[in-house]
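Notes follow the structure.
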Amino acid sequence: MAQSFSESVWVATKKIPRGHLATYQQIARMIHRPRAARAVGNALNKNPYAPLVPCHRVVRSNGTVGGFASGTKNKVALLKKEGILIKAGRVVNLKEYLIKL
DNA sequence: GTCGTGACTAGCC
DNA sequence: CGGCTAGCCACGA
């Protein structure tokens with residue numbers, strides 16, 4: 001499949017199971033670009049699969065939600081709805097929610 | 001074809 | 001512990 005870097009990002013993000021999270025670095029690693037965490041964020045920002053790609057399940061390696069196009073608060077509320085607790089814009093027990101490769 | 005920007009990460013002071 | 005700098009990749013102008 002001649003998928004572009006961005007497309008690979010969206011595909012990898014879509015694979016995130018409900019109730020689980022992934023870091024930008026993790027996504028970058030999935031697509032064989034462990035140094036492209038920045039590009040991952042850039043791709044998700046422009047993702048044409050808006051509601052299809054759970055970009056809200058992608059957070060920073062630090063556990064902070066980071067920034068989101070539709071408003072971080074909106075994403076935080078959505079994550080909470082999936083059973084993920086957010087505290088002060090940060091994911092609680094991030095390690096427990098992280099997906100396994 | 002070159003420059004600048006962005007939802008990042010890791011290292012250094 | 002906190003802030004800043006450098007490196008990374010892709011895309012738009």
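The chains referred to below are lettered A, B, ... by the order of the sequence lines, with proteins before strands, and numbering in each begins at 1.
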Task: Pairwise 5' ranking along DNA chain B for A:Q25 and A:V65, keeping only the more 5' one - done: A:V65
Task: Polar side-chain contact A:R33-C:dC9 base: donor and acceptor under 3.5 Å - done: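 Counting by modelled atom types and ignoring angles, no donor-acceptor contact under 3.5 Å is found here.
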Task: Under 3.5 Å donor-acceptor pair, A:R35 side-chain atoms to C:dG7 base atoms - done: no
Open item on the list: Contact list please: residues 82-101 of chain A against DNA chain C, heavy atoms, distance less than 4.0 Å, in numerical order.
Closed with: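 Here the set is empty: none.
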Work out which heavy atom in [X] is nearest to a heavy atom in [Y]; give both atom names and the distance.
{"X": "A:V9", "Y": "A:T13", "answer": "O-OG1, 2.7 Å"}
{"X": "A:N62", "Y": "A:R90", "answer": "O-NH1, 4.2 Å"}
{"X": "A:W10", "Y": "A:A43", "answer": "NE1-O, 3.0 Å"}
{"X": "A:C55", "Y": "A:N47", "answer": "SG-ND2, 3.6 Å"}
{"X": "A:G63", "Y": "A:L94", "answer": "CA-CD2, 3.3 Å"}

- [ ] Rounded to the nearest 0.5 Å, what's the gap from OG on A:S6 to CD1 on A:I31? Could you check?
- [x]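 CD1 of A:I31 is found 8.5 Å from OG of A:S6.
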Looking at every strand, decide which applies to [X] at a 4.0 Å heavy-atom threshold: base, sugar-phosphate, or nothing.
{"X": "A:A39", "value": "base"}
{"X": "A:S6", "value": "sugar-phosphate"}
{"X": "A:F5", "value": "sugar-phosphate"}

To the nearest Å, how far apart are [X] [atom1] and [N] [atom2]?
{"X": "A:W10", "N": "C:dA10", "atom1": "CH2", "atom2": "P", "answer": "13 Å"}
{"X": "A:Y24", "N": "C:dA10", "atom1": "OH", "atom2": "C1'", "answer": "15 Å"}
{"X": "A:N42", "N": "C:dC9", "atom1": "CG", "atom2": "P", "answer": "14 Å"}

- [ ] Walk along DNA chain B from 5' to 3' and tell me the first and last nucleotide with an atom closer than 4.0 Å to a non-hydrogen atom of chain A.
- [x]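 Taking any atom under 4.0 Å from a heavy atom of chain A, the span is B:dG6 to B:dA10.
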- [ ] Mark yes or no for whether A:T23, through its side chain, and A:Q26, through its backbone, hold a donor-acceptor pair below 3.5 Å.
- [x] yes
Open item on the list: Can you tell me the base-pairing partner of C:dC8? Count Watson-Crick or G-U wobble geometry only, both distances below 3.5 Å, and say none if there is no partner.
Closed with: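 No nucleotide pairs with C:dC8.
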Task: Where at least one partner belongs to residues 50-62 of chain A, residue pairs that pass salt bridge (Lys or Arg N to Asp or Glu O under 4.0 Å), sequence neighbours excluded - done: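 Found A:R57-A:E82.
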Task: side-chain contact (heavy atoms from CB on, under 4.5 Å) partner of A:L21, the single match among A:L79, A:V65, A:V58, A:I99 - done: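 Filter result, single survivor: A:L79.
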